[in-house]
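Report on the structure given below.
In what follows, chains are A, B, ... by sequence order, proteins preceding strands, each numbered from 1. None of the values given here were measured: they were computed from a predicted structure.
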There are 2 protein chains.
Amino acid sequence: MYNERKGLLNDKGVNAMEEVACLKQDGLNNTCMFSRQSLQTLKSMMTETTFKKGSNIFWEGDHSDKLFFVISGRVKVFKSAYDGRDLVLHYFMDGDLFGEISCLGSMECAYTATAVTECTIGLISEKDLEPQLLTNSSLSFEFMKWIGMMGQFTQVKMRDLLFYGKNGALASTLLRMLHGYSKTEEDGIHYTISLTNSDLAQLIGSTRETVNRMLQSWKNDGAIDYYHGSIVIKDLKYIKEICHCEDRCPLNICRL
Amino acid sequence: MYNERKGLLNDKGVNAMEEVACLKQDGLNNTCMFSRQSLQTLKSMMTETTFKKGSNIFWEGDHSDKLFFVISGRVKVFKSAYDGRDLVLHYFMDGDLFGEISCLGSMECAYTATAVTECTIGLISEKDLEPQLLTNSSLSFEFMKWIGMMGQFTQVKMRDLLFYGKNGALASTLLRMLHGYSKTEEDGIHYTISLTNSDLAQLIGSTRETVNRMLQSWKNDGAIDYYHGSIVIKDLKYIKEICHCEDRCPLNICRL
DNA sequence: TCGAAAGTGTGACGAAAATCATACACCTGA
DNA sequence: TCAGGTGTATGATTTTCGTCACACTTTCGA
């Protein structure tokens, strides 16, 4: 169950593209890789579309010829196994750009994107973008950094999921959620997003039951607690030790 | 134990940069993302260096300000866990470009590169490359595709390692090895590279023993065999079914 | 060419994690 | 207000996989 109400606290409204971009640039969670100027260029190419909660933005196997800029809402991007199991790679939020990077090479999508909440998305088509990239060198340079950052994100996530077992994978996910989806209070760090055990399981390639047992055990150790059904971090150090986190990842990597 | 002799069959000699590039471009295993012209530009920036077998080309944590073009030899790139376990991400061969993509953002390396055989490497320094990328738009466009391809490689590998257990991970690795390191004979597909059980284990984030047991069991089923200590694929379909391979990955993704 | 080093093959064991099963607490909408 | 859907909690069982131990084989360099 995703908590609609909390998600919407951050909603900037439908025509707030500029505001979103600026907030992201100046704010604490600066995950935006683009300069104001480049964003302006991108904005001029966007076609605004809304997606209903639960609808698919693109499918694995689609021919990809677009990029997507999240104006409002949340999007998850995942790969599916033949038996229906999913591995969630990303949760995107307002201000994020996503899409099949290889759209530039006209390949098919390697994953699926679904609107987790109602979303407003700015579509950027390859045929509009490509000429810009070939002429506007500062834009193309920023694009290169962006693509590189996305690749690094995947690599670091891979390490997190493979090195320290399922416990490590879950711990690193909780830490990633801190950036963009948390608020510090007196009694601990509260999450402003509410993911179910199943959602967490998909993020680490595991099962609902395993996630539940791990969380339960951490709760018994006093490292986490629940408040209105959502997780509160009581002992950050405890969680960090599980996945050997050394606080070395930049914020645009250490995120969902 | 890497089989030096077999590896050297493909050796193009020290000053064969051009030849390497062309062969890669025109050959079956076209993994090179760059046009002849861009390669020429890159070549003009390269400083040729040799690395002894077993020496490190760069370390995790190094400040990265270079890219590397393999002129001859083989290079492996891996991440280390705190306890010394390694996860090998890539094996590169002649004609491949590699390096910390985020060198463009001046970050530290996220992994280590080691020369598996004696290597001749062309070094490209960031300060030479960056001005070219900012002015030469076709080069920067090709770079963008290259970086995107590297990211997709990581994503697909992540899926392979997480979805179908260690059996699936090993099977997909054997399939990847087919591209670039195999030769079809009457009695099956022979590998021209000889990786030890430990090497395979590092490629899938597992242990020597587990790899050995899996190979042994596949051998008992008649799916693989050994010839002069190196694996021969007898039943390709059997292997493909283990990791649900549907032959949909492009060749520059489905490789080591 | 001989011995050390590196690699292979296997059994025994246990920990980690998936799977199967069941109970129960909730919303929420008819 | 009650039924059905969704999510949580937990036990029992099985499978997968890593660890340890040891014998055997191959390779390679002094």
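- Rounded to an integer number of Å, the gap from B/Met214 CE to D/dC17 C1' is 9 Å.
- A/Ile224 places none of its side-chain heavy atoms less than 4.5 Å from the side chain of A/Lys234.
- Ranking C/dT19, D/dT19, D/dG7 by closeness to the A/Glu209 side chain, first place goes to C/dT19.
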Notebook entry, point to check: How far apart are the C-alpha atoms of B/Arg74 and B/Asp94, what are their side-chain angles, what is the distance that settles it, and do they pass the salt bridge (Lys or Arg N to Asp or Glu O under 4.0 Å) test?
Noted result: CA-CA 7 Å; B/Arg74 276 204 306 284; B/Asp94 41 62; over 6 Å; no
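- Atom CG in B/Asp83 sits about 13 Å away from atom C1' in D/dT19, given to the nearest Å.
- Between the base of D/dT19 and the side chain of B/Arg213 there is a donor-acceptor pair shorter than 3.5 Å.
- Between B/His90 and B/Phe153, the angle of the ring planes stays under 30°, which puts this pair in the parallel group of the 30/60° scheme.
- Atom CG of A/Leu215 and atom P of D/dG7 are 15 Å apart (whole Å).
- Put simply, OH on A/Tyr226 is 8 Å from C1' on D/dT8, counting in whole angstrom units.
- If you take CD of B/Gln202 and P of D/dG18, they are 13 Å apart, rounded to a whole angstrom.
- Sorted by residue number, the list of members of residues 160-172 of chain B with any non-hydrogen atom under 4.0 Å from DNA chain C is empty.
- The distance from atom CH2 of A/Trp218 to atom C1' of D/dA9 is 17 Å, rounded to the nearest whole Å.
- Contact annotation: A/Thr210 reaches the phosphate of C/dA18 (side-chain N/O to OP1 or OP2, under 4.0 Å).
- Applying the 4.0 Å criterion to OP1 and OP2 of D/dT10, one finds that A/Gln216 has a side-chain N or O inside that range.
- For the side-chain contact (heavy atoms from CB on, under 4.5 Å) with B/Trp218, the qualifying choice from B/Asp235, B/Leu170, B/Asp225 is B/Leu170, the only one to do so.
- In this structure, A/Asn197 reaches the sugar-phosphate backbone alone: every heavy-atom distance under 4.0 Å involves primed, P, OP1 or OP2 atoms, never a base.
- A/Thr207 has a side-chain polar atom (N or O) that falls below the 4.0 Å cut-off from OP1 or OP2 of C/dA18.
- A/Thr154 places a side-chain N or O within donor-acceptor distance of the main-chain N or O of A/Met150, the cut-off being under 3.5 Å.
- Checked against the 6.0 Å centroid criterion, the rings of B/Phe68 and B/Phe58 qualify as a close aromatic pair.
- Nucleotide D/dC17 holds its C1' atom 11 Å from the CD1 atom of B/Ile204, rounded to whole Å.
- In this structure, A/Phe78 and A/Thr114 have side chains that are in contact, with non-hydrogen atoms separated by less than 4.5 Å.
- Regarding contacts with the backbone of D/dA9, a side-chain N or O of A/Asn212 is found under 4.0 angstrom from either OP1 or OP2.
- Put simply, CZ on A/Arg85 is 12 Å from C1' on C/dT19, counting in whole angstrom units.
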